[in-house]
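See below for the structure under consideration.
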Amino acid sequence: MKYDAENVFAKIIRDEAPAHRVYEDDSTLAFMDIMPQVDGHTLVIPKCPAVDIFDVPAEMLTRTIAVTQRVAVAVRSAFSADGVMVAQLSGAAAGQTVFHLHFHVLPRHAGIDFRLHAKDVAPEAVLAEHAERIRQALPAD
Ligand code: AMP
């Protein structure tokens, strides 16, 4: 699949679409999933155009997964999670719905199930509060 520069994550990177950002540097961005499957569901993306795991230079993938680890640390702390799930879907057959590479970071609590994937948009105020909690919990550089 050819990269579509008009996909919603590309627009978020260019600040043409809104997002509750939790972390940003020259090459990566992390923001709240607007249809969270659990409270605190965060996405981490490289800023370079990459459709999926097969389409990203190794160096950018390395940077993105390092930021994913930092975000996972923050999410675990901010939501007092028992565990953290990191997921990456490549290809429609795998369930990918936005065709810009991203890692899902989901705090998990024993006995609490997921909500449905990409279904219910969370209220802005809730996403803003969760983003603030994660920003506060990010480890120092
Ligand atoms: P995937 O199915 O792995 O491609 O995941 C795409 C994710 O992006 C889903 O969890 C959606 O809820 C989420 N999503 C879609 N549009 C937006 C958006 N504008 N801002 C934040 N998250 C989004």
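Every number for a ligand or one of its atoms is a count from 1 in the order of the listing. From a predicted model like this one, the values you see are computed outputs, not experimental measurements.
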Exercise. Looking at Phe79, is Arg133 sitting on its ring face, NZ or CZ under 6.0 Å from the six-membered ring centre and within 45 degrees of the normal?
Worked result: yes
Problem set entry | Sub-4.0 Å atoms of ligand 1 with respect to non-hydrogen atoms of Thr97 | 1 (P), 2 (O), 4 (O), 5 (O), 6 (C)
Seminar exercise, completed: Taking only non-hydrogen atoms of His104 and a 4.0 Å limit, the atoms of ligand 1 in range are 1 (P), 3 (O), 5 (O), 7 (C), 10 (O)
For this session: Apply side chain to side chain contact (heavy atoms under 4.5 Å, CB included) to Phe99 and Asn7, showing your working.
Result: CA-CA 7 Å; Phe99 293 92; Asn7 79 74; 5.7 Å; no
Exercise. Between Ile34 and ligand 1, does any nitrogen or oxygen pair lie at a separation below 3.5 Å?
Worked result: yes
Problem set entry | Under-4.0 Å heavy-atom contact with ligand 1, by part of Gln88 that carries it | neither
For this session: Could you tell me whether ligand 1 has any atom less than 4.0 Å away from a heavy atom of His102?
Result: yes
Exercise. Ligand 1 versus Asp33, non-hydrogen atoms closer than 4.0 Å: side chain, backbone, both, neither?
Worked result: both
Exercise. Could Arg115 and Asp39 be called an ion pair, given the rule that one side-chain N must be under 4.0 Å from one carboxylate O?
Worked result: yes
Problem set entry | Spacing of OG belonging to Ser77 relative to CD belonging to Gln136, to within rounding of 0.5 Å | 10.5 Å
Exercise. Should Arg63 and Thr28 be marked as a side-chain hydrogen bond (donor to acceptor under 3.5 Å, both in side chains) after you check the CA-CA gap, both sets of side-chain angles, and the distance that decides it?
Worked result: CA-CA 7 Å; Arg63 291 192 201 184; Thr28 65; over 6 Å; no
Problem set entry | Residues Asp15, Arg21: salt bridge by 4.0 Å N-O rule | yes
Exercise. Just which atoms of ligand 1 are under 4.0 Å from any heavy atom in Leu43?
Worked result: 8 (O), 22 (N)
Exercise. Has Phe31 got any heavy atom lying under 4.0 angstrom from an atom of ligand 1?
Worked result: yes
For this session: Report the C-alpha distance between His102 and His104 in whole Å, list the side-chain angles of each, state the deciding distance to 0.1 Å, and finish with yes or no for ring-ring contact (aromatic ring centres under 6.0 Å, His included).
Result: CA-CA 7 Å; His102 51 281; His104 296 261; 5.1 Å; yes
For this session: Among all protein heavy atoms, pick out the one at the shortest distance from atom 19 (N) of ligand 1; state its residue, atom name and that distance to 0.1 Å.
Result: Val8 CG2, 3.5 Å
Problem set entry | His117 and Gln37 side chains, donor-acceptor separation under 3.5 Å | yes
For this session: Examine Phe9 against ligand 1 and note whether any of their N/O atoms are separated by less than 3.5 Å.
Result: no
Seminar exercise, completed: re atom 15 (C) of ligand 1, the protein heavy-atom contact at minimum distance is Met35 CE, 3.7 Å
Exercise. Would you say Gln96 has any N or O atom under 3.5 Å from an N or O of ligand 1, going by distance alone?
Worked result: no
Seminar exercise, completed: of all protein heavy atoms, closest to atom 2 (O) of ligand 1 is His117 NE2, 2.5 Å
For this session: Following the transitive rule for hydrophobic clusters with a side-chain heavy-atom cut-off under 4.5 Å over Ile, Leu, Val, Met, Phe, Trp and Tyr, establish whether Ile134 and Val105 coincide in one cluster.
Result: yes
For this session: Look up atom CE in Met35 and atom CG in Asp33, then write down how far apart they are to the nearest 0.5 Å.
Result: 6.5 Å
Exercise. Does ligand 1 have an atom under 4.0 Å from some heavy atom of Gly95?
Worked result: yes
Exercise. Which atoms of ligand 1 have any heavy atom of Met32 under 4.0 Å away?
Worked result: 21 (C)
